[in-house]
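Down below is the structure, laid out as structure tokens.
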Amino acid sequence: MKVLYFDCFAGISGDMTIASLLSHVDVEEFKKKVKKIALDNFDIEIGETQKNSISARTFKVLYEEEHHHHHRHMKDVREIIEKSDLEEEVKKMSIEMFEKLAEAEAKVHGKSPEEVHFHEVGAVDSIVDIIGTAILIDMIKPDKIVSSPLPVSSGFIKTQHGLMPVPAPATAELLKGIPVYKSDIEGEIVTPTGAAIVKTLVNEFGGIPDMTINSIGYGAGTKDLEIPNVLRTYVGEEEVKKKPESLMILETNIDDMNPEFYQYLFEKLFENGALDVFLIPIIMKKQRPGTLITVICEKENADKLKEIIFKETSTFGIRYYEVLRHKLDRDFSIVETPYGKVRVKKGYLNGKLIKAYPEYEDVKAIAEKTGNSISDIYRNVIRHIDLLFF
């Protein structure tokens, strides 16, 4: 599973995100894609800098001032995105990020999302930051995005509405439901754009997952801080750990039932959802020989199967308890062997094929057809399977 991890120890902004994610993709391909955004007279500048001795990329949007509109509504931004010659998934992500921003601004200013004027976030650079981020995510194609908790700083910033506390009200609204912690840094380190990116794209929060790291990116912020003002991102492969299944075991001891009835009991149990049924000979009280009936089933079928056991056996009581089961991932192949086609069941552990066996019924049919012993057929088919898969 491909994982993208945001390590936001110095916060997050739109330009930091793009600068960091560029380390995981073909930069020239990104430049071609970003020029498809339906905005006139803008260009991008990708550079490098040092933040506290850490080399990091920079990203800047260049535009002509007369084309720099400060006030846009959601419909204006949506129109820009829809007119752009971009992949549908990129458009969808971009609109979703802007909608999250519009909802936050609307809540703060007591308006509907469509009435909200985007100020700083409606500017060309912020539009490119958000759409550019969506482009990069689509290029990386992570199966899961994880982020560290976000640092919340203090102080005040200048906005179109005057001085505002940090985090800005819209940013604070976007941070709802996101784990945060207090930072000693003064000034804004999580911008509204950065908060919208995290709010929209991140699947879970916490430390870096157990994974094999394939690439690391550092994206620089514009300020110089006591700590390196960079957003660090990792792309890697996480080993998918299968969770155990929760099943039920039903069991009872029988010493006074006609053994001919077991066949009917088995049929009824399997018809009603039993995963497995088996009998074990036991010695019961008074040294009577008896039989332990064990049924394995999913929880939702337990009551129905208990009822069958009570009706179809001589027991007066059933023990039941929960168990956990791990099973291999599996699939089936049809393999051409010297004897004809045979179904093969294959088992995978952590994505690696570790066993493959022919289906008994197919081997039996070949033995009956050829007159050879089933053991000889089975050994020869196994040899053929081993050559194919191992």
Across all chains, not counting sequence neighbours, the side-chain contact (heavy atoms from CB on, under 4.5 Å) partners of A134 are V90, M93, S94, M97

How are the rings of F59 and F30 set to each other: parallel, tilted or perpendicular (split at 30° and 60°)?
perpendicular

P358: what forms a side-chain contact (heavy atoms from CB on, under 4.5 Å) with it, not counting sequence neighbours?
V342, V363, Y378, V381, I382, I385

Do S126 and D129 get their side chains close enough for a donor-acceptor pair, meaning under 3.5 Å?
no

State, to 0.1 Å, how close P192 and L101 come at their nearest heavy-atom pair, and which atoms those are.
O-CD2, 3.6 Å

Between K51 and D224, is the closest basic N to carboxylate O distance under 4.0 Å?
yes

Give a yes/no verdict on a cation-pi contact between K306 and Y320, requiring under 6.0 Å between NZ or CZ and the six-membered ring centre and an angle within 45° of the axis.
yes

Given the rule in the salt bridge (charged side-chain N to carboxylate O under 4.0 Å, His left out) test, do E79 and K83 qualify, once you have shown the distances and angles that lead to the verdict?
CA-CA 6 Å; E79 188 177 340; K83 282 184 175 178; 3.0 Å; yes

Just grab all the salt bridge (Lys or Arg N to Asp or Glu O under 4.0 Å) pairs involving residues 337-359, residues at least two apart or on different chains.
D331-K346, R343-D362

If you measure from the Lys or Arg side-chain nitrogens to the Asp or Glu carboxylate oxygens, is any gap between R78 and E99 under 4.0 Å?
yes

R383 with D386: basic N within carboxylate O range, under 4.0 Å
no

When every non-hydrogen atom of E237 is compared with those of K2, the smallest separation belongs to OE1-N, 3.6 Å

Can you tell me which residue pairs pass the side-chain hydrogen bond (donor to acceptor under 3.5 Å, both in side chains) test with a partner in residues 133-147, sequence neighbours excluded?
K144-E238

Show every donor-acceptor pair shorter than 3.5 Å between a side-chain atom in residues 21-29 and any protein atom, with sequence neighbours excluded, or say none if there are none.
{"unit_1": "S23", "atom_1": "OG", "unit_2": "R57", "atom_2": "NH1", "d": "3.1"}
{"unit_1": "H24", "atom_1": "ND1", "unit_2": "S215", "atom_2": "OG", "d": "2.6"}
{"unit_1": "H24", "atom_1": "NE2", "unit_2": "T233", "atom_2": "OG1", "d": "2.8"}
{"unit_1": "D26", "atom_1": "OD1", "unit_2": "E28", "atom_2": "N", "d": "3.0"}
{"unit_1": "D26", "atom_1": "OD1", "unit_2": "E29", "atom_2": "N", "d": "3.2"}
{"unit_1": "E28", "atom_1": "OE2", "unit_2": "K31", "atom_2": "NZ", "d": "3.4"}

Donor-acceptor contacts under 3.5 Å from residues 272-293 side chains, at least two apart:
{"unit_1": "N272", "atom_1": "ND2", "unit_2": "K268", "atom_2": "O", "d": "2.8"}
{"unit_1": "R288", "atom_1": "NH1", "unit_2": "D255", "atom_2": "OD2", "d": "3.3"}

Any Lys/Arg nitrogen of K92 or E88 sitting under 4.0 Å from an Asp/Glu carboxylate oxygen of the other?
no

